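Heads up, the thing below is written out as structure tokens.
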Amino acid sequence: MVPDNTKSAASLAVVKSVGKPAPVAKAQLFDKHGTPQIRKPQVAIEAAPQAPHWSGGGEFGYASAKGNSNTESLNGKLDFKYSQGLWKHSANVTALRSSSEYMRIDDDGSVHSGSNTTANRYALGINSGYSMDERGTLNATYRQEKDDFGSFSRQRSLAFSYGNRVVDGDRVQLDLQFGPGYRRAYDTVQQRMEASVIGRGLADFRVGLTDNTEVVNKLLVESGKYNTFAQNDLGVSVTMNSHLALKAGWQARHNSDVEADDKRTDTLTTMNVVYRFK
């Protein structure tokens, strides 16, 4: 028979062991040699902001014909791009000038020769875009043009548009822009300045045929109260190295409001040397 004091001591020991929870072993990491390793807290690392980047280049073409008639033609283009963060800016300048020599025989038999300028056009384009997501952009675009032989000798337009890359493949890309704007143009036929609200649309299509051959087609349309202007630029370029390329181009320009005897569409075919920097 067990004494009462022994039972009390045993009961107290049982109560203490039950009332005090057993220690829980903490998880510990060990390397292959059995050395304890301390797990460092993970800290989220923010992506570094995109560094500013410049790119651009130029293209140049010249043609000269000598003989019974002498003609010269010169065309060129400069374009620059700058990007930083969600902003992308671009600017381009284009020029076209051509001339031809003539010979005139008067009634008295005297011969006179001279030179006539047959084309003289300069254009400036500026675009600033803000990236809303991977494909969508908000754009502000300014275009200015001077054409001594066009139905509209001076044009200026400012437009705001939404753009989206609807096709984004490894070799094929298609960008679309559309939005409202405002245009001022001088009508050389009516000899007056015309101003109106316009709708502007742009389609920029690019496809890489091979690793060094690319086809680019860009269509711009500005339609307003007095005139609808459209310009399509098609180019095929073959890259020779990291900086130089050869480019064959075809341009069509259309104005809906022209004199009855004038053609609404003018075309230009070029073969240029292109220099690019990245």
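Here the structure is a predicted model, which means the values were calculated and not measured.
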Report task. Might you point out which heavy atoms bring A230 and V221 nearest each other, and give the distance in Å? Result -> CB-CG2, 4.2 Å

Requested in this report: Only counting residues at least two apart or in another chain, list the ones meeting side chain to side chain donor-acceptor pair (under 3.5 Å) with S100.
Outcome: none

Query raised in the report: Which is it for E72 and K66 under the salt bridge (charged side-chain N to carboxylate O under 4.0 Å, His left out) test, yes or no, and what are the steps along the way?
Result: CA-CA 9 Å; E72 291 183 337; K66 303 292 184 180; 3.8 Å; yes

Query raised in the report: Do you know the tightest heavy-atom contact between D233 and Q231?
Result: OD2-NE2, 2.9 Å

Requested in this report: State which residues pass side chain to side chain donor-acceptor pair (under 3.5 Å) with K146; sequence neighbours excluded, sorted by chain then number.
Outcome: D148

Report task. Check step by step if side-chain contact (heavy atoms from CB on, under 4.5 Å) holds for F152 and E145. Result -> CA-CA 9 Å; F152 296 88; E145 182 179 285; over 6 Å; no

Requested in this report: Could I get the full list of side-chain contact (heavy atoms from CB on, under 4.5 Å) partners for V216, not counting sequence neighbours?
Outcome: D204, R206, E214

Query raised in the report: Is V172 reachable from L234 through a run of hydrophobic residues whose side-chain heavy atoms are each under 4.5 Å from the next?
Result: yes

**Report entry** 4.5 Å side-chain heavy-atom contact, T270 and L96
**Finding:** no

Query raised in the report: Quick check: does any side chain N or O of R171 sit under 3.5 Å from a backbone N or O of T210, one acting as donor and the other as acceptor?
Result: yes

Query raised in the report: With the 4.5 Å side-chain cut-off for hydrophobic clustering, are V167 and L209 part of the same group?
Result: yes

**Report entry** By side chain to side chain donor-acceptor pair (under 3.5 Å) - contacts of N227 (at least two apart)
**Finding:** N255, S256

Query - R200/S161 under side-chain contact (heavy atoms from CB on, under 4.5 Å): CA gap, chis, key distance, verdict - result: CA-CA 8 Å; R200 177 184 179 274; S161 61; 3.9 Å; yes

Requested in this report: Assess whether salt bridge (charged side-chain N to carboxylate O under 4.0 Å, His left out) is satisfied between D79 and R276, documenting all intermediate values.
Outcome: CA-CA 9 Å; D79 65 271; R276 309 294 301 176; 3.0 Å; yes

Report task. Please check if F160 and Y130 belong to a single hydrophobic cluster, counting links between Ile, Leu, Val, Met, Phe, Trp and Tyr side chain heavy atoms closer than 4.5 Å. Result -> no

Query - Whether over 12 other heavy atoms sit under 6.0 Å from D211 CG - result: no

Query raised in the report: When you look at N139 and T137, which way does the side chain to side chain donor-acceptor pair (under 3.5 Å) test go after all the steps?
Result: CA-CA 6 Å; N139 303 275; T137 58; 3.1 Å; yes

Query raised in the report: Are I198 and F178 co-members of a hydrophobic cluster defined by side-chain heavy atoms under 4.5 Å apart?
Result: no

Query raised in the report: If you take all heavy atoms of N92 and K77, which pair is closest and at what distance?
Result: CB-CE, 4.3 Å

Query - Linked, directly or transitively: Y82 and W87 (ILVMFWY side chains, under 4.5 Å) - result: no

Query raised in the report: In terms of the angle between their ring planes, are F277 and F80 parallel, tilted or perpendicular, with boundaries placed at 30° and 60°?
Result: tilted

Report task. Might you confirm whether atom CZ of R165 has over 12 heavy atoms from other residues, nucleotides or ligands at distances under 6.0 Å? Result -> yes

Query raised in the report: With sequence neighbours left out, what residues match T267 under side chain to side chain donor-acceptor pair (under 3.5 Å)?
Result: none

**Report entry** side-chain contact (heavy atoms from CB on, under 4.5 Å) involving R184 - partner list, sequence neighbours excluded
**Finding:** Y182, M193, A195

Query raised in the report: What do the steps show when you test S223 against T228 for side chain to side chain donor-acceptor pair (under 3.5 Å), and what is the final call?
Result: CA-CA 4 Å; S223 182; T228 295; 3.0 Å; yes

